[in-house]
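Read the structure below first, then the notes.
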Number of protein chains: 2
Amino acid sequence: MLLSQKTIVTVLLAAASPVVAVWPIPAHMTTGNVSLLISQNIAITYNGAPIVYTYGFEPDDIRSSAQIIEGGVSRALSAIFQNGLVPWKLRPKNSLKNFEPDLYFGPKWVTVLNITQTTKNTSTDFQSKGGEVDESYNLTLSTAGVATLSAFSSTGVLRGLETFVQLFYGHTDGNAWYTPYAPVSIQDKPKYQHRGVLMDVARNWYEVEHIYRTIDAIAWNKMNRLHLHATDSQSWPLDIPSMPEVAVKGAYRSDLIYTAGDLEALQKYAVARGVELIVEIDMPGHIGSLSWSHPELIVAYDAFPYSWWCTEPPCGAFNLNSSDVEEFLDKLFADLLPRVAPYSAYFHLGGDELNANDSRLDPGVGTNATSVLQPLLQKFVSNNLARVAAHNLSAFVWEEIPLTWNVTLDNSTVVQTWLGESSIKTLTGQGIKVIDSNYNYWYLDCGRGQWLNFANGEAYSTYFPFSDWCDPAKNWRLVYSHDPANSLTEEEAKLVLGGEVALWSEMADGTNLDTLLWPRGSAAGEVLWSGNKDPLTGQNRSQMEVSPRLNEWRERMLRRGVMAAPVQMVWCTQADNSTECSAPAGPGF
Amino acid sequence: MLLSQKTIVTVLLAAASPVVAVWPIPAHMTTGNVSLLISQNIAITYNGAPIVYTYGFEPDDIRSSAQIIEGGVSRALSAIFQNGLVPWKLRPKNSLKNFEPDLYFGPKWVTVLNITQTTKNTSTDFQSKGGEVDESYNLTLSTAGVATLSAFSSTGVLRGLETFVQLFYGHTDGNAWYTPYAPVSIQDKPKYQHRGVLMDVARNWYEVEHIYRTIDAIAWNKMNRLHLHATDSQSWPLDIPSMPEVAVKGAYRSDLIYTAGDLEALQKYAVARGVELIVEIDMPGHIGSLSWSHPELIVAYDAFPYSWWCTEPPCGAFNLNSSDVEEFLDKLFADLLPRVAPYSAYFHLGGDELNANDSRLDPGVGTNATSVLQPLLQKFVSNNLARVAAHNLSAFVWEEIPLTWNVTLDNSTVVQTWLGESSIKTLTGQGIKVIDSNYNYWYLDCGRGQWLNFANGEAYSTYFPFSDWCDPAKNWRLVYSHDPANSLTEEEAKLVLGGEVALWSEMADGTNLDTLLWPRGSAAGEVLWSGNKDPLTGQNRSQMEVSPRLNEWRERMLRRGVMAAPVQMVWCTQADNSTECSAPAGPGF
């Protein structure tokens, strides 16, 4: 086994052949090894007509397919020409020159990109509604430099443009960009229709720029949902114009508020990128922040010790047998839902972690008996489902609503699971549609230890070394190993619409948002778009195949303005991951 | 126990009284509750003469105490006036106005800061040598607005200026700054003389700006050492001008190199802030990157499977019985040490994780027998100690050199421990000086999972969920709980010079450097400056006392340009940590 060192080094360099690192990996892709340059003057057509675009173009009318595509083309070319990746970290050390095309000996050029959208947009397309949009696309690039992109929908075109971007690199010689992979032929479509990121903007405050940037990254990863956990017991930053006191008093600071204008701008920005922004107002628990403006509606706000009344401070839930609450909700939904409906098919009603003890303090209830609470909760949820349906929206609820409280839902409601595979199995077995955020795999805030303080003494030693409840941190390999439909029958699996990674914000804000979300969220993105199994073999994709692509994808995101964390050290990204930076299978490991 | 909610809220608001959040906490501090404004025209004197300063002043001659102090004053006033913290996150919601002084009813002003340095600087002061500098200072601020700062050394003055900065806040009303804490009286000095951060700039590449920023943060935390782990088997980014091939071929990219000019600029920048930059060239293991330029000196470079030959890929160690190696080291140290000596008392020789198996491949050794290796290693280390001593420097080595290999050191050598308390006990029991980086507490890279890839099958399931070797992540509470002298006798404890937090870079680079280092490094900083026990009671400081100060300190670092991660959500920082965001002691938790 003691190969000479020289032999080893030679083998490694030879093995490090280029990978086409499109992320997420397309359903079908063939590539070649002809290099083509691409010019900033590339001709682009859309359904036969030339597209004139300017960098930074943002659609004014998101119902205009021409504007949607113009925006997508603008961003794609900006990503290629302004933020092109020079892949020195991804080639063997100091060997990039061997990978790059020679610019001075008649290189061929990509001359044209012809975009065809085969189905006219419908209004629901532009509103990016609930998985009804066909996101598939075909992309080809001939060695003669002709690129074609065809899709049924404008969203499919956006997905294909993102793939087009990822074929190109920046050249070290300056103002030149190239692909080494022509000819290219790609047929691509998503495995799951719901591919999301949950941002918790209630436990910590995020400037809107952080939300915009997250929408960008979601779209680059061919994900299509931003779930805004917009309110919680800690704060209520979402402005409700008909009741301004709610946010003014409920936000962490009276001026740190997402205005109606902010929300609409975010929604339009998202739609223009094929992303649907889903608003959650969590209830009937997790709503203590209303106590600052409407204390009469809330029970157990900031009750002590919190562990009797909820899972984390401060507690606070709606009174469950209160006409005041119902009146408030009428007003709240009449204000908010008309602003949601133009841009989304969904509204998220929350419903996690309600603690029955709260109702012992509830003046209209006075007991924690399930026999009393269940009918009250059924009525509470049913009223909300009716409000949501009245605006032609479907509801999301967290899994506790049906599983803990046996609340009956309507057919359009989708349940978000987080407690594990058996929840998905049970719900889909009952014919209920599910999206999954299994905390053991897709809670990206986990594994950095407690945010609670412990007094010296017993609690201190019990909780030492202060790991959190969902330790360990979800390494990308762990994220990638999870498919929400893993243990389901084929019939059950059809009811899994997809999933979301979640970043709860007890210890997250704008400073660590990017490094916590990316590229670990990308790992889930590929599971949801491509699946985590090789479609040919049916086996799990090897980490050794996935890792180099993820390394490259991280570098691309970084160049495009998202502070994605490193996957491996540069020594690994320059080496061949199938032999280096991998656990040896042999004896001694 | 069912207090009414109103009662609870009232109690909480009343309890949230201001804390003086100086970090690290001074040895002795009394404060009052008189508010004083501070003007940008404050008069500042140094040993009786006025100081004229400009923002951004950087000492040209770090041997001039006037320039050192001028630089410190410039940075202090910039921190107060340009990056002042408006502490809305640290007061109860929307109550900051109650905390801030009224600007329109005759507020008093801080009119003067008189700085006295009672001992003239010696040349070793300016070179910030090995703990010989007295860093103590006294700081007072009278209600009449007169501030005095006295210290023995210019470094002590810098420490006092940092404390002065932390007394002040920015006012929401715009261009006003104030302290609410006059009169102030502080007598302060460090517990440990060596308070450091280890940055690994070999496993990933860091732009110099990241190193500069880390030096800033080290100084703000009253830490005084930046340990640059400058080379390793993965890369050699440190230029050695007499042998340019070493870095040109050994760096990840031939132009990603810390030039001699970069090193000197960093050293001077550090000294000007009372920080000593300590360079480590790790050997005889962890030096495989030399193989790119000097393969004849190195054994087992990138040998496969790595686990036979070293702890992580790529392997690579010096030949241990080679006159070529000794000649190379003569040349290396003759080049590097004269550039280290003007700015440091130390050079770090590394010495961790040497794998005896390497010597089976070593042409001059051919065995892994300790009886053969030990004398060779003794000679290797002794030669290096002589080289270091010849430049009037003291050496650091990692603990394996004396503990695994029984190498005898000279009296001036300090051993850096990382494997735990028993190592410190053994070494100090032998009269050997120690600095500690216990990996269970102070390795800040831990707990984010594996960077190695695992093939599907046995290794995959064995390593699932892919936690790393030093899981869990070191939460600040865990970092804070560690004192290197915890289990030592008084006599042994005297030999503990201090410690360092370490950020190894297998999964760290400029994107996550700040959020991984800070404020967890600050927790170690306070342990090393102030101790983690209350000096009056001798008990561990309560997390409930420390946490609000750490929250504030994080906000201050953030304002001053370091992306420190959040400690708790804003709800906690606005609440009273002694009752909220703390684990209740009562039943039910």
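Letters A, B, ... mirror the listed sequences (proteins, then strands); counts begin at 1.
In terms of modelled atom types and a separation under 3.5 Å, the side chain of A/R477 and the main chain of B/P465 share no donor-acceptor contact. Between the side chain of A/N204 and the backbone N or O of B/V570, at least one donor-acceptor pair lies under 3.5 Å. A donor-acceptor distance shorter than 3.5 angstrom exists from the side chain of A/Q568 to the backbone of B/W451, with no hydrogens or angles considered. Judged by distance alone, the side chain of A/N475 and the main-chain N or O of B/R448 form a donor-acceptor pair under 3.5 Å. Counting only distance, with no hydrogens or angles, the side chain of A/N456 and the backbone of B/N540 share a donor-acceptor pair below 3.5 Å. Checking side-chain atoms of A/K93 against main-chain N and O of B/K249 turns up a donor-acceptor pair under 3.5 Å. Counting only distance, with no hydrogens or angles, the side chain of A/Y252 and the backbone of B/W571 share a donor-acceptor pair below 3.5 Å. Without hydrogens or angle criteria, B/N94 side chain to A/S254 main chain gives a donor-acceptor distance under 3.5 Å.
Residue contact with chain A, scored on non-hydrogen atoms closer than 4.5 Å, involves the backbone and the side chain of B/N512 alike. Neither the backbone nor the side chain of B/V562 comes within less than 4.5 Å of any heavy atom in chain A. Only the backbone of A/V248 comes within contact range of chain B, with heavy atoms under 4.5 Å apart. Residue A/D509 touches chain B through both its backbone and its side chain, counting heavy-atom pairs closer than 4.5 Å. Proximity to chain A is limited to the side chain of B/E312, based on heavy atoms less than 4.5 angstrom apart. Neither the backbone nor the side chain of B/L96 comes within less than 4.5 Å of any heavy atom in chain A. Residue B/R520 does not touch chain A at all, counting heavy-atom pairs closer than 4.5 Å. Only the backbone of B/V567 comes within less than 4.5 Å of a heavy atom in chain A; its side chain stays farther off.
The shortest side-chain heavy-atom distance between A/F464 and B/L478 falls under the 4.5 Å cut-off.
Each of B/L513, B/T515, B/D514, B/L516 was checked for a side-chain contact (heavy atoms from CB on, under 4.5 Å) with A/T515, and the lone residue meeting it is B/T515.
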Next item on the list: Determine, step by step, whether A/Y460 and B/S481 satisfy the side-chain contact (heavy atoms from CB on, under 4.5 Å) criterion, reporting the C-alpha distance in whole Å, the side-chain angles of both residues, the deciding distance to 0.1 Å, and the verdict.
Entry: CA-CA 10 Å; A/Y460 185 99; B/S481 71; 3.1 Å; yes
B/Q543 and A/F466: side-chain contact (heavy atoms from CB on, under 4.5 Å), yes or no, with the steps?
CA-CA 12 Å; B/Q543 292 175 6; A/F466 310 111; 3.3 Å; yes
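The CZ atom of A/F454 sits 8.5 Å away from atom CE of B/M544, with the distance rounded to the nearest 0.5 Å. The line from SG of A/C581 to OH of B/Y306 is 9.0 Å long, rounded to the nearest 0.5 Å.
The residue among B/M507, B/Q539, B/R253, B/Q450 with the most heavy atom pairs within less than 4.5 Å of chain A is B/R253. When A/G457, A/S505, A/S235, A/P472 are compared by the number of non-hydrogen pairs under 4.5 Å with chain B, A/P472 comes out ahead.
The two residues A/T511 and B/P566 have their closest heavy-atom pair at OG1-CD, 3.4 Å. In plain terms, the two heavy atoms of A/M569 and B/R203 that are nearest each other are CB-O, 3.0 Å.
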